[in-house]
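Order of the sequence lines sets the chain letters (A, B, ...), proteins ahead of strands, with each chain counted from 1.
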Amino acid sequence: MPKKSNPKNNLPPAYNPKETEEKIYQTWEKSGFFNPDKLPKPRKKSFCITMAPPNVTGSLHMGHALEYTISDVLIRQKRMAGFLTLWLPGTDHAGIATQNAVEKTLRKENISRHDLGKEKFIKKIWEWKEQYGNIITNQLKKLGVSADWTRSRFTMDQEYTEAVRAAFLHYHKKGWIYEGERTINWCTRCRTSLSDLEIEHREEHGKFYYIKYGPLTLGTARPETKLGDTALAVNPKDKRYKQLVGKEISIQSVDSSVPRENPPKLKEIKIKVVGDEAADPNFGTGVIKVTPAHDLTDFEIYQRHPEIPIVKVIGENGRMNENAGVRYEGLNVVEARKQIVHDMEQLGLMEKIEDYTHNLALCYRCGSVIEPLLSKQWFLKMGALAQKAAEAVLKGKTKFHPKKWEKVYLNWLKNIKDWTISRQIWWGHKIPLEGVDDVLDTWFSSALWPFATLGWPKKTKDLQKFYPTDVITNDRGIINLWDTRMIFSGLEFMNKEPFKTVLVHATILTKEGQRMSKSLGTGIDPINLINSYGTDATRFGIVWQAMGGQDIRWSEEHVNAGRKFANKIWNAARFVLIQLPLDLKPSGKPKPKTAADKKILKELAEVTKKVTQKIEGCEFGPALHDIYDFFWHSFCDKYIESAKIQMVDKTKSADTEKILFYILAESLKLIHPFMPFVTEEIWKHLPSNNKKLLLVEKWPK
RNA sequence: GGGCGUUUAGCUCAGUGGUAGAGCGUCUCGUUUACACCGAGAAGGCCGUAGGUUCAAUCCCUACAACGCCCACCA
């Protein structure tokens, strides 16, 4: 006999995420439980993640969605497991990136930042920041992110700025920050220096020119820098040139004082030959020209041979300057190259030209060609800091997950150079010294994130409770840019590594294996997925594919599968609720009576253990597969079908009801970190559970 | 140049030293007290190639190939 539907417990026949999600999120926010201070007590152990702050340059992409979903899974599970749980959110001012984004919008109105002036331009960026910061926050909420918004930080808010200042002055006092004129990476479009990590490489097919230098011939890909040559270098062990080392030789060269309108003329110049290991006897002719002002290697040769003069021939605008001579002055690099090649050919100085493939250095923010040039910049000494950072990982104080990234991390630290920390842009933290207009590399402030967000340099309660934090989650692309620098900063300022685990998540690619990118039009907007499938389904689809550190070739079917699963949970709950008597009181683990009862309880115990272990081990995809499999195939397909028969038998029906309820309730807890909305909504309808949110229910053991 | 990763069903991916699995898709049957966003079942795989270790290899080892990523001053 079919039971009468329990009128108090009836749910609509299908789960509707649109109607549910916003309301549920508001309930959570109102509860205050995202804030550890308001969580039910007692909670002895803390668990803290400082959120990798999204840039204020745009909206969220799939990488964010993955990153924040798996962080949220961790946070929700720990919160339920009784930890004093804090997920601290924020945004990053993202120096060059944001400045460029705002400049781009101005360009549409045909205005440059110089037209506006510094003050007005910075005001414009702040307006932009307000607007995009809010968009991002709202998108994170849509994703279900259970972060403590009351503690939200921005890398340029007042207190954070104090932290940056304190950190800089600390290093300065130690003598680790110095100003120096060195050859650095320069973006001629952004008009700023960049660190080694802020350049990208692209293969380019170019030419390789063999130029006559008096008795010698040498190869170069950049003949225009010849105008800044101040020496030649050969390997001291190279027998061919041994006798030349330390001597000055006379060579015929182009007379750059002849105006471009006139035919080129020869001029005799004298140039010194030095012996240096950087010259490889087996490459080209074994002779290299030394242009210290425009080549990083050549600058290092200069450092080993300080008697070599330096002549800067390319300006910060990327054009040849007065030192290049009237013949070339004002030409950009490409034009100058064309001109000088032409001139040398005319004068018989060009021996031959070959095809050549090499890697071109590009700005990681705007894609323009990087021009190495001599410039006065501020540097932070890396020696002691790099060593600290390496030790943290070597001693196992900080662990990477997956472990393979430790090698990448250590390898970079081994070959590290001093960090160029000054930038010539307008948007950023001003260097806190008199008479300097430069701002700091945006990563200088990001490096302080795990403790500056908790109140450093003040000695706050939050720092005491939550530092060191537990996990940081990010893309592999910023292991060196960010993780390394947070680790040595944490050790330097807090004497403790900032987190125990670096969780390097997968990269989401298109189904074809391409990088998702806005400009290529290959990106997917997670908000669109949420709008068509619901947040739980989107989170499900993402986590379902997050099987390990492997890249994910995105396939949307899994989001659809998530939508179906949400509905399956909903309907299983409907079925159970229809069966339940109105006065049922949840009373712990029920005793099994039948073989089916025993089996399902045993399987629940197993899946509980597996899911817990897998979440703790950062195996989110496998954890979700397990609970999915249990709930759908063991509980719905098998047990509910058995229960339908058992319910008819009056000697068994009461016990069966209890088991149905118990399995459902425990499953909802296990599913909640992955699919928080649908589980919370159902939880509201369960009898005698009206007071507590699933959000803070006790995680099953 | 150095390092790393991937290669399993039509697609996206799990997995194990001993008869190969999931989701989606396809096909057949099914309106039974939740759910057709469902149920029962089926088809579909020399587990990249070639060697080796082993009683036994998709799994361990070696080489190769394809694709992808990171690092690097080769002018």
Side-chain angles (χ1 to χ4, degrees), chain A residues 1-5 10-11 13-15 183 196-197 200-201 208-210 218-223 225 232-233 276 278-291 295-301 356 358-359 361 372 402 404-405 407-409 411-412 414-415 417 476-477 479-480 506-507 509 511-515 533-534 537 540-541 544-579 619 621-622 624-626 628-629 632-633 636-638 640-641 643-645 647-648 660 664:
Chain A
M1 274 289 284
K3 277 204 174 190
K4 258 195 184 168
S5 164
N10 59 351
L11 298 174
Y15 174 58
T183 298
D196 295 334
L197 290 172
E200 286 172 355
H201 295 276
F208 198 70
Y209 305 89
Y210 288 86
L218 57 81
T220 180
R222 301 202 54 190
T225 62
L232 297 177
D276 196 281
D280 178 355
N282 300 318
F283 188 90
T285 58
V287 185
I288 56 179
K289 62 192 202 58
V290 185
T291 320
D295 187 283
L296 301 172
T297 310
D298 293 4
F299 187 78
E300 283 171 19
I301 296 176
Y356 179 65
H358 72 295
N359 282 322
K404 64 174 178 177
W405 298 113
K407 209 170 164 183
V408 172
Y409 172 90
N411 193 41
W412 184 67
K414 226 188 320 188
N415 305 312
K417 286 194 278 184
R476 59 165 178 254
I479 290 174
N480 296 329
T507 303
L509 307 169
K511 202 159 190 163
E512 288 73 38
Q514 284 178 295
R515 228 188 155 74
Y533 297 94
F540 178 100
W544 185 263
Q545 298 180 72
M547 293 307 285
Q550 301 319 324
D551 288 351
I552 295 168
R553 289 189 172 208
W554 179 252
S555 77
E556 198 167 309
E557 327 54 296
H558 302 297
V559 178
N560 192 40
R563 189 177 63 105
K564 285 160 70 169
F565 188 46
N567 196 56
K568 188 73 180 177
I569 301 167
W570 184 262
N571 278 292
R574 266 182 85 210
F575 173 78
V576 173
L577 287 172
I578 290 166
Q579 308 306 315
E619 297 175 83
L624 180 59
H625 280 71
D626 284 343
Y628 173 90
D629 202 48
W632 197 307
H633 300 303
C636 295
D637 291 349
K638 303 275 162 54
I640 286 184
E641 292 310 314
K644 285 174 185 171
I645 299 163
M647 299 293 284
V648 183
L660 280 172
L664 174 67

Take the protein atom [atom1] of [X] and the nucleotide atom [atom2] of [N], then report the distance between them rounded to whole Å.
| X | N | atom1 | atom2 | value |
| --- | --- | --- | --- | --- |
| A/K638 | B/G39 | NZ | P | 11 Å |
| A/Y628 | B/U12 | OH | P | 19 Å |
| A/K644 | B/A40 | NZ | P | 11 Å |
| A/I645 | B/U33 | CD1 | P | 13 Å |
| A/D196 | B/C71 | CG | P | 11 Å |
| A/M547 | B/U6 | CE | P | 14 Å |
| A/E300 | B/C73 | CD | P | 8 Å |
| A/E619 | B/G15 | CD | P | 9 Å |

Which nucleotide wins on minimum distance to the side chain of [X], given the candidates [options]?
| X | options | answer |
| --- | --- | --- |
| A/Q579 | B/C71, B/U12, B/U33 | B/U33 |
| A/Q545 | B/C71, B/U12, B/A14 | B/U12 |
| A/W632 | B/G39, B/C69, B/A75 | B/G39 |
| A/F208 | B/C69, B/C35, B/A75 | B/A75 |
| A/F283 | B/C71, B/C37, B/C74 | B/C74 |
| A/T220 | B/A75, B/A14, B/A72 | B/A75 |
| A/R574 | B/U12, B/A34, B/C74 | B/A34 |
| A/N571 | B/U12, B/U33, B/C35 | B/C35 |
| A/D280 | B/C74, B/A40, B/C71 | B/C74 |
| A/I640 | B/A75, B/A34, B/C24 | B/A34 |

Base, sugar-phosphate alone, or nothing: which one does [X] contact when heavy atoms must sit under 4.0 Å apart?
| X | result |
| --- | --- |
| A/G562 | nothing |
| A/H625 | nothing |
| A/G513 | nothing |
| A/Y356 | sugar-phosphate |
| A/D629 | nothing |
| A/A233 | nothing |
| A/K289 | nothing |
| A/A278 | base |
| A/F565 | nothing |
| A/T297 | base |
| A/R222 | nothing |
| A/R563 | base |
| A/W405 | nothing |

* side-chain N/O A/K407 vs B/C4 OP1/OP2, d < 4.0 Å -> yes
* Phosphate-side-chain proximity, A/H633 and B/C38, N/O vs OP1/OP2 below 4.0 Å -> no
Taking only the [atom1] atom of each, what is the distance from [N] to [M] in whole angstrom?
| N | M | atom1 | result |
| --- | --- | --- | --- |
| B/G3 | B/G10 | C1' | 35 Å |
| B/G39 | B/G25 | P | 12 Å |
| B/C27 | B/A9 | C1' | 15 Å |
| B/U49 | B/A66 | C1' | 11 Å |
| B/C55 | B/G2 | C1' | 42 Å |
| B/G21 | B/U32 | C1' | 30 Å |
| B/G18 | B/U7 | C1' | 24 Å |
| B/A65 | B/A50 | P | 15 Å |

Within the 4.5 Å heavy-atom criterion, are [X] and [Y] side-chain neighbours or not?
| X | Y | answer |
| --- | --- | --- |
| A/I301 | A/I288 | yes |
| A/F575 | A/K644 | yes |
| A/W412 | A/D196 | no |
| A/D276 | A/E300 | no |
| A/T183 | A/D295 | no |

[N] base to [X] side chain: any donor-acceptor pair below 3.5 Å?
| X | N | result |
| --- | --- | --- |
| A/K564 | B/A36 | no |
| A/K568 | B/C35 | yes |
| A/E641 | B/A34 | yes |

* Going by the side-chain contact (heavy atoms from CB on, under 4.5 Å) test, name the single residue among A/Q545, A/H558, A/K511, A/M547 that passes it with A/I552. => A/Q545
* Asked: Given that A/D551 and A/A561 both sit by RNA chain B, which one's nearest nucleotide is further toward the 5' end?
  -> A/D551
* To do: Could you check A/W570 against A/G286 and say which one's nearest nucleotide on RNA chain B is further toward the 5' end?
  => A/W570
* Would you sort out whether A/V576 and A/Q579 count as a side chain to side chain contact (heavy atoms under 4.5 Å, CB included), showing the intermediate values? => CA-CA 5 Å; A/V576 173; A/Q579 308 306 315; 5.6 Å; no
* To do: Using both pair distances under 3.5 Å as the test, note the stems of at least 3 consecutive Watson-Crick or G-U pairs that include RNA chain B.
  => B:1-7 with B:65-71, B:10-13 with B:21-24, B:26-30 with B:38-42, B:48-52 with B:60-64
* Could you label the plane-to-plane angle of the A/H633 and A/Y628 rings as parallel, tilted or perpendicular, counting under 30° as parallel and over 60° as perpendicular? => perpendicular
* Structure fact -> Output for pair (A/L509 CG, A/R515 CZ), nearest 0.5 Å, gives 7.5 Å
* Structure fact -> Rounding to 0.5 Å, atoms CG (A/N411) and CH2 (A/W405) come to a distance of 12.5 Å
* To do: Verify salt bridge (charged side-chain N to carboxylate O under 4.0 Å, His left out) between A/D551 and A/R476, making sure each step is shown before the conclusion.
  => CA-CA 11 Å; A/D551 288 351; A/R476 59 165 178 254; 3.0 Å; yes
* Asked: Quick one: side-chain hydrogen bond (donor to acceptor under 3.5 Å, both in side chains) partners of A/K638, sequence neighbours excluded?
  -> none
